[in-house]
Amino acid sequence: RTMHDDRYFKSMSHAENALTNSECLRQIFLIWLDGLSDAPEDERESNLAGAFISLLDTVIVELNKAIEIHDKKINAE
(Lines give C-alpha, C1' and ligand atoms only; values in the text may rest on other atoms or scores of the structure.)
Protein backbone atom coordinates (compact mmCIF):
# COMPACT_ATOMS: atom_id res chain seq x y z
CA ARG A 1 0.00 0.00 0.00
CA THR A 2 1.37 3.40 -0.96
CA MET A 3 1.13 6.68 0.91
CA HIS A 4 -1.21 7.91 -1.85
CA ASP A 5 -3.53 4.95 -1.21
CA ASP A 6 -3.55 5.70 2.53
CA ARG A 7 -4.51 9.34 1.95
CA TYR A 8 -7.19 8.30 -0.52
CA PHE A 9 -8.58 5.73 1.94
CA LYS A 10 -8.59 8.28 4.77
CA SER A 11 -10.35 10.84 2.56
CA MET A 12 -13.04 8.33 1.69
CA SER A 13 -13.45 7.35 5.34
CA HIS A 14 -14.05 11.00 6.18
CA ALA A 15 -16.53 11.33 3.28
CA GLU A 16 -18.45 8.28 4.51
CA ASN A 17 -18.52 9.65 8.06
CA ALA A 18 -19.72 13.02 6.78
CA LEU A 19 -22.44 11.28 4.75
CA THR A 20 -23.67 9.33 7.77
CA ASN A 21 -23.74 12.45 9.94
CA SER A 22 -25.48 14.46 7.22
CA GLU A 23 -28.18 11.81 6.84
CA CYS A 24 -28.71 11.73 10.63
CA LEU A 25 -28.92 15.52 10.80
CA ARG A 26 -31.41 15.51 7.93
CA GLN A 27 -33.62 13.13 9.92
CA ILE A 28 -33.43 15.43 12.96
CA PHE A 29 -34.53 18.39 10.83
CA LEU A 30 -37.40 16.31 9.39
CA ILE A 31 -38.55 15.46 12.93
CA TRP A 32 -38.33 19.15 13.87
CA LEU A 33 -40.28 20.14 10.75
CA ASP A 34 -42.89 17.44 11.39
CA GLY A 35 -43.43 18.78 14.91
CA LEU A 36 -44.27 22.27 13.71
CA SER A 37 -47.77 23.42 12.99
CA ASP A 38 -49.15 25.48 10.12
CA ALA A 39 -49.62 28.37 12.54
CA PRO A 40 -48.05 31.71 11.54
CA GLU A 41 -45.77 31.65 14.60
CA ASP A 42 -44.15 28.41 13.33
CA GLU A 43 -43.57 29.76 9.81
CA ARG A 44 -40.04 31.03 10.49
CA GLU A 45 -38.94 27.72 12.03
CA SER A 46 -40.58 25.78 9.20
CA ASN A 47 -38.67 27.87 6.67
CA LEU A 48 -35.40 27.35 8.55
CA ALA A 49 -35.90 23.58 8.81
CA GLY A 50 -36.78 23.40 5.12
CA ALA A 51 -33.70 25.42 4.19
CA PHE A 52 -31.43 23.20 6.27
CA ILE A 53 -32.94 20.08 4.70
CA SER A 54 -32.41 21.51 1.21
CA LEU A 55 -28.77 22.28 1.97
CA LEU A 56 -28.21 18.84 3.46
CA ASP A 57 -29.78 17.20 0.42
CA THR A 58 -27.12 18.77 -1.81
CA VAL A 59 -24.35 17.71 0.59
CA ILE A 60 -25.69 14.14 0.66
CA VAL A 61 -25.84 14.00 -3.15
CA GLU A 62 -22.26 15.27 -3.49
CA LEU A 63 -20.90 12.87 -0.88
CA ASN A 64 -22.71 9.96 -2.54
CA LYS A 65 -21.12 10.94 -5.87
CA ALA A 66 -17.65 11.02 -4.29
CA ILE A 67 -18.16 7.60 -2.74
CA GLU A 68 -19.52 6.23 -6.02
CA ILE A 69 -16.40 7.46 -7.87
CA HIS A 70 -14.24 5.81 -5.22
CA ASP A 71 -16.15 2.52 -5.49
CA LYS A 72 -15.84 2.51 -9.29
CA LYS A 73 -12.08 3.07 -8.99
CA ILE A 74 -11.73 0.23 -6.48
CA ASN A 75 -13.82 -2.15 -8.60
CA ALA A 76 -11.80 -1.31 -11.72
CA GLU A 77 -8.52 -2.27 -10.04
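At least one side-chain heavy atom of Lys65 sits less than 4.5 Å from a side-chain heavy atom of Glu62.
Connection of Ile69 to Met12 is not established within any shared hydrophobic cluster, with ILVMFWY side chains joined at heavy-atom distances below 4.5 Å, either directly or through further cluster members. Leu56 and Trp32 fall within a single hydrophobic cluster, where Ile, Leu, Val, Met, Phe, Trp and Tyr are joined by side-chain heavy atoms under 4.5 Å apart, directly or via other members. Hydrophobic clustering of Ile, Leu, Val, Met, Phe, Trp and Tyr side chains at less than 4.5 Å, counting indirect connections, keeps Val59 apart from Leu25.
Formation of a donor-acceptor pair under 3.5 Å by the Asp42 side chain with backbone atoms of Asp38 is not found in this model.
Residue Ser46 comes nearest to Ser37 through the heavy atom pair OG-O, 4.2 Å, listed as atom of the first residue, atom of the second, then distance. Here the shortest heavy-atom pairing between Thr58 and Leu55 reads OG1-O, 2.7 Å.
Of the candidates Asn17, Asp57, Ile60, Ile60 is the only one forming a side chain to side chain contact (heavy atoms under 4.5 Å, CB included) with Ser22. Partner of Glu16 under the side chain to side chain contact (heavy atoms under 4.5 Å, CB included) criterion, out of Asn21, Ile67, Leu63: Ile67 alone.
When the shell of 6.0 Å around CD of Glu43 is examined, it contains 12 or fewer heavy atoms from other residues, nucleotides or ligands.
Lys72 contributes atom NZ, which lies 4.5 Å from atom CD of Glu68 (distance to the nearest 0.5 angstrom).
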